[in-house]
Amino acid sequence: MANNTPEKKEEKAVEKTNFIRNIIDEDLKTGKYDGRVHTRFPPEPNGYLHIGHAKSICLNFGIASDYNGLCNLRFDDTNPSKEEVEYVESIKEDVRWLGFDWQDRLYYASDYYEQLYQYALQLTKTGKAYVCDLGSREIKDYRGTLTEPGKESPYRNRPVEENLDLFERMRAGEFADGSRVLRAKIDMSSPNLNMRDPVIYRILKATHHRTGDTWCIYPMYDFAHGLSDSIEGITHSICTLEFEDHRPLYDWFLDQLEVYHPQQIEFARLNLNYTVMSKRKLKELVDNKHVSGWDDPRMPSISGLRRRGYTRESIRDFADRIGVAKKESTVDIALLEHCLREDLNARAPRVMAVLHPLKVVITNYPEDQVEELDAENNPEEPAAGTRKIPFSREVYIEQDDFREDPPKKFFRLSPGREIRLKHAYYIKCEKVIKDEKTGEIIELHCTYDPESRGGWTNDGRKVRGTSHWVSAAHAIKAEVRLYGHLFDRENPEEEKDDTDFKNFLNPNSLEVLGDCMVEPGLAEIRPGTHCQFLRQGYFCADPDSKPGKPVFNRTVSLRDSWAKIRKKTQNAK
RNA sequence: UGGGGCGUCGCCAAGCGGUAAGGCAUCGGUUUUUGGAGCCGAUAUUCGUAGGUUCGAAUCCUGCCGCCCCAGCCA
């Protein structure tokens, strides 16, 4: 709460300056839309949303909110063969989860089918559209190429009456799929291929997830999109760069029909390194079982990030920080991780968990004694209070926290050295017990200093190392899933054209640890709960958790300067 | 070879004719009962490039170079 002062919010709002806001500011100044700002987020329900969509959602809803405007959620559902209710439900859930509210403005392009049909009729009546009997292959041939103009369809000059009759019969279902289309009559020699008599209606005898079998002709996206924006009174229709070439076409429809004219503004979509950002490719990973589903914690989907433990706050902060521009860019995933750490550092309760347990026997600690020690829940947030954790003669520490031959700058436990067990006592390593055959270290014999209760003494002793631990007798066994990048290339799509992006999947993106030991308070943790495993990272309880058998996802590790030192000295050698 | 866009630090990104914000990453230092967090500091004489206009250009003009998108009855 203390962090959410209006002041801080203002600071952030000031930072938000981008070319789209500049345009809106200008429009507001000139009164172009009578001071209205009305945006929309228009997904097609043919897959789950990913973080690239989050950028767009934050942009559209964020602008509406900052300018006292409105933002609609509209499904552009013009292709029944690829769309499903499952996707519309997941999209609604994800937008809501991100914290945005479309209130009563949930729309579907399919709501406008009748209106769009009337528009198409109007174009036909005014000689601006015609029914074409060419097959798809022929239409393609007639379209020409990038450098050569197209040829006019032999059906281009059909009389209006005949077009009307045919179009009405298309709607009535008299013709087979693909046998005829309705086309806009524009210019077959336009250098913009979108203007070469684009198809605006096709016959598709498919059941639509909302309109069922009411229709057997469906408008093309290019026809439906701009007109839907117009119908909704959108002022600023924000979309991605690839639609820049389509804007003249949308404008053409609007002008011919003489209807309200929104302004389209294009921005560069988000790319993140070490992952892919296209619904088609993500669906491919799901369909081919390279991941467990759309919500696999390695996926850049909103549902994947959510399951992984990403917070909506961190995603929205990320969206603010990456900015909006027309330059195509690939953002370093380290920025996303930074936003997450910053958020979780402030809020996540600290807890102790040992991922790779090494048993420590404290030889001078009374056999049957158990102490309840106080542990602070979050040093960043004193109000989070403390909790009790049990301490006894045998504890587990992390294998990495002990080295028989400590390298330079290693200041954790090693023979003869002393470290602090967080919130507990100083212990000193007296003896290393090994498996006689394998030489593997089985356990450590240590002594503790009773004067150091709580992990501190006033004698000026310098104890540099601090380890997390759990009491062996009280620990709960847990499964922990560690995640790495989904791909091992920074840009899996940029490699030579004919290589499949799936070749670059990181085979080590998932590591499951089955024998982790966590403090007893975590036994019945609710799925979705965030916490920091002290010194290791932020983790989130997975829905696979069962009472007494928690499962954790590592959301992101803590920054690890020891790992950095180690890497550096290794590289130096 | 047609059309539409884009090029400011390793990655994002402000800047809109008055002399290069900010964030991430990186590197130092400091602090610390998380090698976490925090704090302090460093990091583009230069804005793809070559010319031109101007007292003055990342910002205006011209040429060149590079990258992206467009030939679905997908969105």
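The sequence lines fix the lettering, A, B, ..., with proteins before strands; numbering per chain opens at 1.
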Quiz item: Does A:R566 make a side-chain N or O approach to OP1 or OP2 of B:G35 shorter than 4.0 Å?
Solution: no
Quiz item: Are OP1 or OP2 of B:G36 and a side-chain N or O of A:S561 less than 4.0 angstrom apart?
Solution: yes
Practice problem: Give a yes/no answer on whether the side chain of A:K140 brings an N or O atom under 4.0 Å of OP1 or OP2 in B:G72. | Solution: yes
Exercise. May I ask you to evaluate whether A:H468 reaches the phosphate of B:U34, defined as a side-chain N or O under 4.0 Å from OP1 or OP2?
Key: no
Exercise. Find out whether A:I419 and A:F411 are in side-chain contact, i.e. whether some heavy atom of one side chain is under 4.5 Å from a heavy atom of the other.
Key: no
Self-check item: Per A:F411 side chain, nearest of listed nucleotides B:U34, B:G35, B:G2
Solution: B:G35
Exercise. Please tell me which of the listed nucleotides, B:C70, B:A75, B:G36, lies nearest to the side chain of A:F243?
Key: B:A75
Quiz item: Just to confirm, is there a sub-4.0 Å distance from OP1 or OP2 of B:G72 to any side-chain nitrogen or oxygen of A:R143?
Solution: yes
Quiz item: Which nucleotide in the set B:U34, B:U1, B:G35 lies at the smallest distance from any side-chain heavy atom of A:R350?
Solution: B:U34
Quiz item: Pick one: which of A:D251, A:D222, A:N192 meets side chain to side chain donor-acceptor pair (under 3.5 Å) with A:H246?
Solution: A:D222
Practice problem: Output the single nucleotide from B:G2, B:G4, B:C74 whose closest atom is nearest the side chain of A:K82. | Solution: B:C74
Quiz item: OP1, OP2 of B:G72 versus side-chain N and O of A:S136: anything below 4.0 Å?
Solution: no
Practice problem: Establish whether the base of B:G35 is bridged to the side chain of A:D560 by a donor-acceptor pair shorter than 3.5 Å. | Solution: no
Self-check item: Sugar-phosphate or base contact per nucleotide [nucleotides 8-19 of chain B; S, B, -; heavy atom under 4.0 Å]
Solution: S--SSSSSB---
Quiz item: So, is the end of the A:R210 side chain (NZ or CZ) under 6.0 Å from the ring centre of A:Y108 and within 45° of the ring's axis?
Solution: yes
Quiz item: At under 4.0 Å, does any side-chain N or O of A:R559 touch on OP1 or OP2 of B:C24?
Solution: no
Quiz item: Got a donor-acceptor pair under 3.5 Å from the side chain of A:Q536 to the base of B:U34?
Solution: no
Quiz item: Looking at B:G3, B:G35, B:C73, which one has an atom nearest to any side-chain atom of A:R535?
Solution: B:G35
Self-check item: Partner of A:S452 under side-chain contact (heavy atoms from CB on, under 4.5 Å), chosen from A:N458, A:V463, A:T457
Solution: A:T457
Self-check item: Geometric cation-pi criterion, A:R74 with A:Y107: 6.0 Å, 45°
Solution: no
Quiz item: Of the nucleotides B:A71, B:A75, B:G3, which one has an atom closest to the side chain of A:N192?
Solution: B:G3
